[in-house]
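Lettering follows sequence order; numbering is per chain, from 1. Source: prediction; values computed, not measured.
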4 protein chains.
Amino acid sequence: MLQIPGPTNVPDRVLRAIDAPTIDHRGPDFAELGLEVLEGLRTVCRTDGQIVVYPASGTGAWEAALVNTLSPGDKVIACETGHFATLWRAMAARLGLEVVWLEGDWRHGADPERIADALDDDVRAVMVVHNETSTGVTSRIADVRAALGDHDALLLVDTISSLASIDYRHDEWGVDVTVAGSQKGLMLPAGLSFNAVSEKALEAAKAARMPRSYWDWAPIIAANANGYWPYTSATNLLYGLREALQILLREEGLEHVFARHARHAAATRAAVAGWGLEVLALDERELSNSLTAVVCGGSDEVRRVILERFDMSLGAGLGRLADEVFRIGHLGDFNDLMLAGTLSGVQMGLKLAGHDVGDGVGAALELLAA
Amino acid sequence: MLQIPGPTNVPDRVLRAIDAPTIDHRGPDFAELGLEVLEGLRTVCRTDGQIVVYPASGTGAWEAALVNTLSPGDKVIACETGHFATLWRAMAARLGLEVVWLEGDWRHGADPERIADALDDDVRAVMVVHNETSTGVTSRIADVRAALGDHDALLLVDTISSLASIDYRHDEWGVDVTVAGSQKGLMLPAGLSFNAVSEKALEAAKAARMPRSYWDWAPIIAANANGYWPYTSATNLLYGLREALQILLREEGLEHVFARHARHAAATRAAVAGWGLEVLALDERELSNSLTAVVCGGSDEVRRVILERFDMSLGAGLGRLADEVFRIGHLGDFNDLMLAGTLSGVQMGLKLAGHDVGDGVGAALELLAA
Amino acid sequence: MLQIPGPTNVPDRVLRAIDAPTIDHRGPDFAELGLEVLEGLRTVCRTDGQIVVYPASGTGAWEAALVNTLSPGDKVIACETGHFATLWRAMAARLGLEVVWLEGDWRHGADPERIADALDDDVRAVMVVHNETSTGVTSRIADVRAALGDHDALLLVDTISSLASIDYRHDEWGVDVTVAGSQKGLMLPAGLSFNAVSEKALEAAKAARMPRSYWDWAPIIAANANGYWPYTSATNLLYGLREALQILLREEGLEHVFARHARHAAATRAAVAGWGLEVLALDERELSNSLTAVVCGGSDEVRRVILERFDMSLGAGLGRLADEVFRIGHLGDFNDLMLAGTLSGVQMGLKLAGHDVGDGVGAALELLAA
Amino acid sequence: MLQIPGPTNVPDRVLRAIDAPTIDHRGPDFAELGLEVLEGLRTVCRTDGQIVVYPASGTGAWEAALVNTLSPGDKVIACETGHFATLWRAMAARLGLEVVWLEGDWRHGADPERIADALDDDVRAVMVVHNETSTGVTSRIADVRAALGDHDALLLVDTISSLASIDYRHDEWGVDVTVAGSQKGLMLPAGLSFNAVSEKALEAAKAARMPRSYWDWAPIIAANANGYWPYTSATNLLYGLREALQILLREEGLEHVFARHARHAAATRAAVAGWGLEVLALDERELSNSLTAVVCGGSDEVRRVILERFDMSLGAGLGRLADEVFRIGHLGDFNDLMLAGTLSGVQMGLKLAGHDVGDGVGAALELLAA
C-alpha cells in the first residue's frame with residue numbers, strides 16, 4: 001500500500017493499457033492517440049491553449065516553463081511555500097535567473113500581497129507551487145493573479161500534486177504556464193510531464209533567449225498539430241494516459257473527482273483531530289485536498305513501524321520538516337474503504353510507536369458515512 | 001508487425017514487468033532496482049564508468065551529452081552520415097555551439113581521416129552516430145578514436161540503434177559520452193535514455209558552462225550512488241529495463257545477441273541480392289547489423305502495400321532519401337522465423353507494388369539453415 | 001472490493017502469471033509445470049498420496065469424489081451443516097446414491113457422535129463439509145474420523161473454503177478424498193478443482209461401478225506421473241497455481257497463512273461484538289477462520305447499501321438464511337489494512353441502513369495492533 | 001512459436017482480458033457478461049438453440065453430449081476418422097453405450113453412405129468428428145445429416161478444431177449436439193468447453209437415464225436464462241471469451257475468418273507440394289482449413305530439429321500415425337507473415353533433418369500474394 005503523496009496507486013486498467021504492444025510512432029494510430037490525449041489534457045487543465053507533453057519527470061516540465069519564457073539574467077519572484085518551491089527556485093538560479101525569494105514558514109501558501117509588494121518593472125515571471133507536496137498547503141492562484149494586477153509578469157504554476165485532484169483553471173485564473181506530471185492525480189506511473197501554455201507565454205517564448213532544444217515548445221507544438229512528436233515519444237505511457245483520461249473525464253467526471261478528494265481530505269483531518277494531533281497547514285483557505293501533513297515529532301519511527309507492520313508507506317517530512325511531520329496521500333485511485341484502511345494503519349502505527357492518540361478512525365467514519 | 005528499425009517489438013515478459021504496481025521511489029526496493037539496472041547498463045556499454053539514466057527520449061540524451069561537456073560557442077565536429085546525424089548537428093547549433101560539418105553522401109559512415117584533417121586546437125568534441133538508423137551504415141568508432149590521436153577533443157557517440165544489438169565498447173574504444181535509448185536493442189518502449197560517461201567527460205563537465213539543470217549529471221550521479229534519483233524516475237520503465245537486462249545479459253548473453261543480429265543482417269542482405277536490389281551502405285566494413293536500408297525508388301508505395309496487405313510497418317526513407325529507400329529493422333526481440341516472415345512480406349509487397357524481383361526469401365533461408 | 005467468501009481477490013502476481021502465452025501441453029516445459037503444481041498441492045493438502053486436478057468448478061470435484069469411489073445404490077451419510085452440504089447431498093442423490101441425511105440447524109458443524117450412531121454395515125462413505133461457506137462453521141474432521149472407529153466407510157471432505165486458509169491435514173486426519181477448488185485459499189480465479197486421494201480410496205475406485213470417464217482418476221494419475229494430463233488442461237490457470245503456491249509455500253509459509261487468517265477472524269468477531277451483533281456459529285470450537293457469518297435481519301438491504309455506497313460485495317445469506325445473515329470473507333490475498341477497510345465499510349453500511357450499532361472497528365483495531 | 005493445431009496462439013488482447021480482477025459471480029456485472037458470451041456463442045455456432053458452457057476441457061463436453069441424451073446400453077454409431085474419434089468412441093464404451101464402430105483409414109472423413117447402411121431401429125445417435133485434429137480431414141456434416149434421412153437418431157458432432165475456423169452451421173445442418181472447446185478457433189487458453197443443443201436433443205435429455213449432475217444441461221440452462229451459472233464459473237476465461245468474440249464477430253467477421261483459414265490452408269498445401277511431400281487427406285472435399293497433416297516418415301526427428309533450432313512446436317503424429325506425419329496448425333490468431341515464417345521453419349527443418357525437399361515457401365508466397 002502506497003500512501004505517500006504520489007506516485008499514487010495506478011489503477012489496474014491503466015497498468016494494463018500501458019503494457020500493450022508498441023505501435024509505429026509515425027503511423028496513423030499513433031496520431032489518433034496523440035490528438036486524443038492532448039485534447040483530454042486541455043480539458044483537465046481547463047484551457048483552450050496549447051499543451052506540451054514531455055517524456056520526462058516533473059522537474060523537466062519545471063525547466064521547460066523557465067527556458068521557454070525567459071532569458072539569462074531575467075528577474076523572477078519565487079515563494080518559499082516548502083521543499084518543492086525551494087527546489088524549483090534552486091533550478092531557476094542554476095539556469096542563470098535572478099530570483100527574488102519570498103521566504104515563508106512552510107505552513108502557509110504563497111502570499112498575494114507580498115508578491116504584489118515585490119513586483120517591480122524588471123520582474124518577468126512569478127513562480128508559485130499550487131499544492132505543496134511537502135506541506136499539504138494549497139496556494140490561492142486566482143488571488144495571486146489578482147494581486148499581479150496589470151503587471152506584465154508571467155504566472156508560472158506548478159500543479160504536480162494538484163492537477164486532476166483539486167480544482168484548477170488555467171485559463172480562468174490567468175495562468176501562463178502550468179507545470180504538471182503524470183504520477184499523481186493522473187494516476188500514471190512517473191515518466192511524462194506537461195506544460196499548459198497561454199498565448200502570452202507563447203509570445204514570450206519568441207523573445208526568450210535561454211538556450212533550449214529538448215524543451216523547446218515550438219517544434220513540439222508544430223508536430224502535435226497532426227498528433228505526432230518530433231522524436232519517439234513514450235508511447236506506452238501515452239496509452240496509459242488515454243485510459244486514465246477516460247476514467248477521469250468520461251466515467252467519474254472531474255467534478256466528482258474533486259468532490260471525492262475534498263471528502264477524503266476532510267475525513268483525514270477529522271481523524272487527525274481525533275488523534276489529538278495537528279495538521280501542518282494553518283490557514284483554513286489553504287488546506288490541501290490531495291494530501292495531509294501531520295505534525296508529529298519522531299514521525300520517522302512512526303513511518304518505520306507502519307511500513308514494517310502494515311506494509312504501508314507514508315510520506316516523510318522533507319527538508320526542514322524531517323522527522324517533524326508525516327504525510328498521508330489521499331489522491332489518485334482511492335476510495336472510502338482504502339482511506340479507512342489507511343487511517344486505521346496510521347492509528348495503529350501511532351499507538352505501536354508509543355504515541356497516546358485517541359480514536360481518529362471513528363471520527364473519520366462518522367464523516368464518511370454522513 | 002513492426003519492422004521499422006525501432007521502436008522494436010517489446011517482449012511480452014518486458015511488457016508484463018512494466019505493468020507491475022508502482023513502488024515508493026524513496027524506499028529500499030527502489031534502491032535495489034536502481035543499483036541493479038545501473039550495473040547492467042555498465043555491462044551493456046562495456047564501461048566501468050558512470051551511467052546516467054534519464055526519463056526522456058533519445059534526443060534528451062543527445063542534449064545531455066552536449067550541455068554537460070561544453071560551453072556556449074565551443075567548436076565541435078559533426079559528420080553527416082544521415083538524417084539523425086543532421087538532427088543532432090542542428091541541436092548543437094541551436095544550443096549555441098559552433099559546428100564543423102563534414103558533409104557526406106548518406107551511404108558511408110564517419111570518415112576517420114577527414115575528422116583528423118578537420119581537427120584544430122579549438123575543437124572540443126567530435127560527434128559521431130555509431131549506427132545511422134536512416135541509412136543502415138555503421139561508423140567505425142575505434143578507427144575514429146585512433147584518428148584523434150592525442151588531441152584533447154571529447155568523443156561523443158550516438159548508439160541509439162546499435163547498443164545491445166551490435167558490438168560496442170565504451171571504454172576500450174575510448175568514447176567519452178555514449179548516447180543511448182530504451183526503445184531499440186534494449187527492447188523497451190520509448191521513454192528512457194542514457195549517457196555513459198568517461199572520467200575525462202566528468203572532468204570536462206566541471207568546466208562546462210552551458211546552463212543545465214534537468215540534464216546535469218552531477219546530482220544524478222550523486223543520488224545514483226545509493227540507487228536513487230534526485231526526482232521521481234520512470235519506475236515502471238525501470239522494471240522493464242531490469243527484465244530486458246536479465247534476458248540480454250543472463251539468458252541469451254550479449255555475444256549471442258550480437259551473433260544473432262549479424263546472422264539476420266547477412267540473411268537480409270542475401271534476400272536483397274536475391275531480389276536484385278541494392279543495399280544503401282557501400283562499404284563492406286560499415287554494413288549495419290540492426291537494420292538494412294534497401295535502395296528502391298517508389299519505396300513509399302511498397303511500404304503502403306505491405307502495411308495494408310500484411311499489416312507490417314517498414315521504415316520509410318528519411319530526409320533526402322524520402323521515397324528512395326525502405327528500411328527493414330531486424331533488431332530487438334527477433335528470431336529466424338520472424339525474419340523469414342518479414343522478408344516474405346517484403347518480397348510479396350514488392351511484387352504486389354509492381355517490382356519484378358527475384359526470390360530473395362529462398363536465398364535468406366539457405367543462409368539461415370546453414 | 002470483493003469481500004464475499006470467495007472467489008477471493010486474486011493477487012496481481014497471480015493474474016500476471018495467468019496471462020502468459022500458452023505452451024505446448026505435450027512439451028517438456030508443460031511436464032515441469034505439471035509436476036511442480038502436483039507436488040505443491042500435496043504439501044498444501046498435507047498428503048503423500050495422489051492429487052488429481054480437474055479443469056472444472058468445485059462441484060466437479062464433488063462429483064469426482066463420489067463417482068470414483070461408489071456404486072449405484074450405495075449408502076452414504078451426509079451432514080446438514082448448511083447450504084453447500086445440502087447441495088452436495090442433492091448431487092449424491094441425483095447420482096443414484098442412498099443418502100442418510102443428518103439434519104442440522106446450520107449453526108453447528110458435523111456432529112461426530114451422531115455420525116457414529118448412524119453408521120451401519122451398509123454405509124460406504126461419510127460426506128462432510130470442512131468449512132461451510134454459507135455459515136462460517138468449521139467441522140472438526142479429526143473428531144469425525146475418530147468417531148468412525150474401525151468402520152470401513154470412506155471419509156469424503158469438502159475443503160473448498162478452507163484449504164490453504166485453515167489448518168487441514170489429509171493424511172494425519174485419515175481423510176480418503178479431499179475436495180478443493182482454486183478460487184478461495186489458493187487465490188486463483190475459479191476454473192480448477194482438485195481431489196486428494198488416499199490409498200484406501202484408490203482401492204475403492206477399483207470396485208466402484210459408477211459410470212465415469214472425465215472424472216476417472218486412473219488415466220489422469222497415470223498421465224500425471226510424467227507431468228501431463230490425458231487431455232488439454234487449463235494451462236494458464238496452472239501457471240497461476242504455480243505462482244500462488246510459490247507465495248503460499250515458499251514466501252509466506254502455510255503456518256503464517258493460517259495464523260494470519262486466525263488473527264483476522266478474531267478481529268472480525270471483535271468487530272461483530274463491538275457492533276452488538278451475533279456470529280452465526282454457536283460452538284467455540286467451530287468458528288471459521290476464513291469467513292464470518294453475522295446474524296442480521298434485513299441483511300440484504302445492508303449489503304445493497306454497502307455495494308452501492310462503497311462498492312464492496314459481501315456474501316448474502318443462502319438458502320434458509322436468506323436475508324438473515326451477511327457473510328464477511330477474510331481469506332486469500334488479504335492484510336490488516338484491507339480488513340480494517342472492510343470492517344469500516346460494514347460498520348458504515350449498517351449505520352446507513354438504519355442499524356444502531358456500536359464501534360466495532362475500534363475493537364478490531366485494538367486486537368490487530370496488539 | 002506454437003504451430004501445433006491447438007491450443008492456438010492466444011491474442012495479447014485476450015490474455016489481457018483474462019487477467020482482469022475477478023468479480024462477484026452472483027452480481028449484475030457477471031450476468032451481463034454471461035448473457036453476452038452465450039449470445040456470441042450462438043452466433044458462432046449458427047444456432048438459435050441453447051448453448052451450455054462448462055469450465056472443463058473438450059473431453060468434458062464430449063461426455064456432456066453423451067450423458068445428457070442417452071441411457072445405459074443405448075446403441076450409437078461412431079466413425080473412425082482418426083485418433084480423436086477413437087478416443088470419443090472409447091469414452092462412449094466406458095460410459096456403457098453400445099458403439100457400432102465404422103472403421104476407417106485415417107485419411108478420409110466419415111462416410112455418409114456407410115452410416116446410412118449401419119442405421120437400424122435401435123440406433124439412438126451418430127457421433128462424428130467434424131475436423132479430425134489428428135489427420136487434417138474434415139467430414140461433410142451436411143451430407144451425413146442427409147444420409148440419416150428421417151431416422152430418429154441424434155447427430156452429435158465434435159467441432160473442437162473447426163468451430164470459428166471453418167464454416168459450420170448447427171441449425172442449418174440439423175446437428176443435435178455440437179461439442180466445442182475454447183483453445184482453438186476461439187483463441188482462448190484451454191479450460192472452457194461447450195455444447196450447442198437442439199430442441200430434439202433437449203427432448204431426448206428428458207428421457208435419458210445416464211446418471212449426471214455436473215454435466216446436466218437442465219440446471220445450467222435454467223440459471224443461464226439470467227446470465228448466471230449454478231456454480232462458480234471460470235470468470236476470467238469468460239472475460240477472455242468476450243474479447244475473443246468481439247474480435248471474431250465484430251471486428252474481423254466470421255466470413256473473413258473462414259476465408260483467411262481457407263487461404264492459409266491452400267498456401268500450406270502449395271508448400272507441401274513444393275516440398276514434394278503428400279498431404280494425409282485424400283479426398284479433395286475433405287481438406288481441412290485449420291491444420292494440415294503432412295506424410296513424412298521420421299517426422300519426429302524433423303519436429304525435434306525444428307523445436308531445437310527454431311523454437312517452433314509442430315503437431316506430432318498421433319496413435320497409428322506416430323512418426324509418420326507431422327501436423328501444421330494454421331488456425332486462431334494467425335496471419336500471412338506468421339504462416340510464411342512457419343512454412344519457412346518447416347522447410348529449413350526438413351533440410352536440416354536430411355530430407356531433400358524443394359522450395360515450398362516460394363509456392364506458398366505466390367499463392368498468398370495472388
Side-chain donor or acceptor of C:Tyr214 paired with backbone N/O of D:Ser57 under 3.5 Å: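 Answer holds: yes.
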Quick check for you: among [options], which has the greatest number of heavy-atom pairs under 4.5 Å with chain C?
options: D:Ser182, D:Pro211, D:Ser213, D:Pro72; value: D:Ser213
options: D:Leu66, D:Ile18, D:Leu95, D:Leu192; value: D:Leu95
options: D:Leu188, D:Val67, D:Leu15; value: D:Leu15
options: D:Pro189, D:Gly191, D:Gly27; value: D:Pro189

Using every non-hydrogen atom in the two residues, find where [X] and [Y] come nearest and quote the distance to one decimal.
X: C:Ser233; Y: D:Ala190; value: O-CB, 3.1 Å
X: C:Arg94; Y: D:Asp216; value: NH1-OD2, 3.2 Å
X: C:Arg16; Y: D:Asp19; value: CD-OD2, 4.2 Å

Where does [X] contact chain D at under 4.5 Å (heavy atoms): side chain, backbone, both or neither?
X: C:Tyr54; value: neither
X: C:Ala20; value: backbone
X: C:Arg212; value: backbone
X: C:Phe84; value: side chain

